[in-house]
Amino acid sequence: MNPDIASKVVVSPLNFHPEVRAFMKLPSEVIIHDTTLREGEQTPGVVFRPEDKIAIARMLDLVGVQQIEAGFPAASQGEREALRRLVKEGLEAKIFGFARAVKADIDEVIKCETFGLVLSFPPSDMHLKFKLRMSREEYLQRAVELVEYAKDHGLYITYSAEDSTRTDLEFLKQVFRAVIEAGCDRARIVDTLGCIHPSAMRFLVKQIREALPPGTPIEIHCHNDHGLGLANSLAAIEVGASVISSVVNGLGERAGVTPTEEVILALHNLYGIGGFRTEHLYELCKLVERISKIKVHPNKPVAGENIFAHVSGVHQHAVIVNPTTYEPYPPELVGQRRRLVIGKLSGRHAIKAKLEELGIAMDEEGLTKITEAVKSISEERKSALSDEEFLQLVNSILGSPK
Ligand code: ZN
């Protein structure tokens, strides 16, 4: 990290207070297991072609995401082609394929020669009764058989216990213990319905951690139905999970999943856990926006167009003097740009800074005229002025340059 950029990350010092840190059991490294290419495609209207998947995977790799869950090969020919091509791309990131708990799905992942398998099988009574129509005993037996089968084929296995947060806790422990004993490499706790709060998540992860052999990696996959995907993911990390499953721009089923870019930013700024090339995050989000055709909300952290746009005169003046007054981190950290919004709330300082940005020299009298004109136009039409409109106004007041 460039020290100049690092010095402009000014967050609450309490994040690093010894008493706060004493409660945490943070890993030295957090693995981001990005599932934009699998779960992201479960957003209504989003379809990725193989070349789209390759473009997104390359950007994820550039950001330093360590693992990519790239698709569900049993679903279609296109998925299989994309997975096979991605495996041969030579990325740093390890590629995973997704499978339901049936041999045929696992066979398709094996044929794609991925590094890893995400085996998804819900142990909650609700799913056992209404979806799978099987008993807990039958479930356990099938889970163990499939893990042994996949392990025989050399795959790294993440056991994804869909609907973990609504599963009987003792049964969930039993399931994870059984599959880990059968050769599974990692336990994934899944909040499929986004229906747990951070304190309960801490309790759950701690319980699972204590039930498994020491050092067993725990992954977390959180949906955002109550707006808590990121908070729950971080809560899990604080008590010993070391892998976060996430999706760029928070795409995914219903309210979506913990956003990759927000997790990386929060880990870096608030927890001091780095290792990612954050300066490419904006580019990554915009690429996924273009390909998915799902627009990033203007208020969205990292890539929203408003998050480095300063509107009020007081804020604009302060930011011109020292940006850390109203920016917790500088735009360069994520590859964004700062913007002064010129409108009714802008004062002389902001107008002067905007003129300088546009390369226009101005005396005090001109500055007063322009400031007044900006305020009255903006108030009358109830909106800010774009750079082009501002330039037109300046030219009309001063006379166009010959
Ligand atoms: Zn999901």
Side-chain angles (χ1 to χ4, degrees), residues 2 4-10 59 248-249 261-262 265 277-402:
N2 172 335
D4 185 46
I5 294 179
S7 71
K8 291 178 191 151
V9 177
V10 185
M59 271 306 300
V248 176
N249 294 343
E261 66 282 8
E262 292 181 17
L265 185 72
R277 289 176 282 273
T278 57
E279 66 274 21
H280 298 294
L281 284 174
Y282 178 73
E283 206 182 336
L284 170 66
C285 295
K286 296 307 270 187
L287 176 73
V288 172
E289 176 184 62
R290 271 200 306 281
I291 293 177
S292 68
K293 301 191 180 72
I294 307 270
K295 193 115 184 71
V296 172
H297 191 276
N299 285 131
K300 179 92 171 48
V302 181
E305 66 178 271
N306 286 355
I307 63 163
F308 293 101
H310 301 283
V311 178
S312 102
V314 176
H315 286 220
Q316 289 180 338
H317 184 197
V319 163
I320 292 163
V321 176
N322 184 342
T324 63
T325 49
Y326 283 105
E327 287 174 359
Y329 64 92
E332 311 88 86
L333 180 73
V334 293
Q336 265 262 39
R337 269 184 66 232
R338 179 175 303 122
R339 218 156 44 86
L340 295 178
V341 178
I342 295 304
K344 102 177 211 196
L345 299 177
S346 301
R348 292 168 64 85
H349 292 284
I351 303 283
K352 192 171 172 208
K354 185 55 113 182
L355 286 164
E356 279 167 9
E357 187 186 307
L358 298 170
I360 302 168
M362 184 68 56
D363 60 16
E364 288 302 308
E365 192 191 337
L367 194 59
T368 305
K369 271 192 198 162
I370 292 167
T371 307
E372 282 166 7
V374 163
K375 282 176 185 294
S376 71
I377 291 172
S378 162
E379 198 156 34
E380 193 176 314
R381 67 174 212 190
K382 294 186 185 168
S383 68
L385 277 73
S386 67
D387 282 3
E388 293 72 34
E389 290 168 333
F390 179 70
L391 256 181
Q392 274 173 16
L393 175 73
V394 172
N395 289 336
S396 73
I397 288 178
L398 304 181
S400 311
K402 298 283 174 308

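Taken to the nearest 0.5 Å, the CG atom of Leu284 stands 5.0 Å off from the CE atom of Met59. Taken from CZ in Arg381 to OG in Ser376, the straight-line distance is 11.0 Å, to the nearest 0.5 Å. Interatomic distance, Ile351 CD1 to Phe390 CZ, rounded to the nearest 0.5 Å: 5.0 Å. In this structure, the separation between CD1 on Ile342 and CG on Leu391 is 11.5 Å, given to the nearest 0.5 Å. Rounding to the nearest 0.5 Å places CD of Glu279 at 7.0 Å from CD1 of Ile5.
Residue pairs meeting the salt bridge (charged side-chain N to carboxylate O under 4.0 Å, His left out) criterion with at least one member in residues 358-377, sequence neighbours excluded: Arg348-Glu364. Within the structure, the side-chain hydrogen bond (donor to acceptor under 3.5 Å, both in side chains) test picks out the following pairs touching residues 331-345 (sequence neighbours left out): Glu327-Arg338.
Using a distance-only test at 3.5 Å, with no hydrogens or angles considered, a donor-acceptor pair links the side chain of Ser378 to the main chain of Ser383. The backbone N or O of Ala361 lies less than 3.5 Å from no partner atom in the side chain of Glu356, so there is not a single donor-acceptor pair.
Nearest heavy-atom pair, Val334 versus Val302, reported as atom, atom and distance to 0.1 Å: CG2-O, 3.9 Å. The two residues Tyr329 and Phe308 make their nearest non-hydrogen contact at O-CE2, 3.2 Å. The shortest heavy-atom contact between Val341 and Ser346 is O-OG, 3.1 Å. Ala384 and Glu389 make their closest contact through O-OE1, 3.9 Å (heavy atoms, listed as atom of the first residue, atom of the second, distance). Minimum heavy-atom separation, Asn249 to Cys285: ND2-O, 3.1 Å. Closest heavy-atom contact between Glu305 and Ala309: O-CB, 4.1 Å.
Using cut-offs of 30° and 60° for the angle between ring planes, the His315 and Tyr326 rings count as parallel.
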Can you give the donor-acceptor pairs under 3.5 Å from side chains of residues 293-301 to other protein atoms, not counting sequence neighbours?
| residue | atom | partner | partner atom | Å |
| --- | --- | --- | --- | --- |
| His297 | ND1 | Asn299 | N | 3.0 |
| Lys300 | NZ | Glu261 | OE2 | 2.8 |
| Lys300 | NZ | Glu262 | OE2 | 2.6 |

Exercise. Which is it for Leu333 and Leu265 under the side-chain contact (heavy atoms from CB on, under 4.5 Å) test, yes or no, and what are the steps along the way?
Worked result: CA-CA 9 Å; Leu333 180 73; Leu265 185 72; 3.8 Å; yes
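In this structure, Pro330 and Val9 have side chains that are in contact, with non-hydrogen atoms separated by less than 4.5 Å.
Heavy atoms of other residues, nucleotides or ligands lying less than 6.0 angstrom from NE2 of His280 number more than 12.
In summary, of the residues considered (Ile370, Leu367, Ile360, Ile320), a side chain to side chain contact (heavy atoms under 4.5 Å, CB included) with Lys352 occurs for Leu367 alone.
With respect to the salt-bridge test (charged N to carboxylate O, under 4.0 angstrom), the residues Lys286 and Glu289 qualify.
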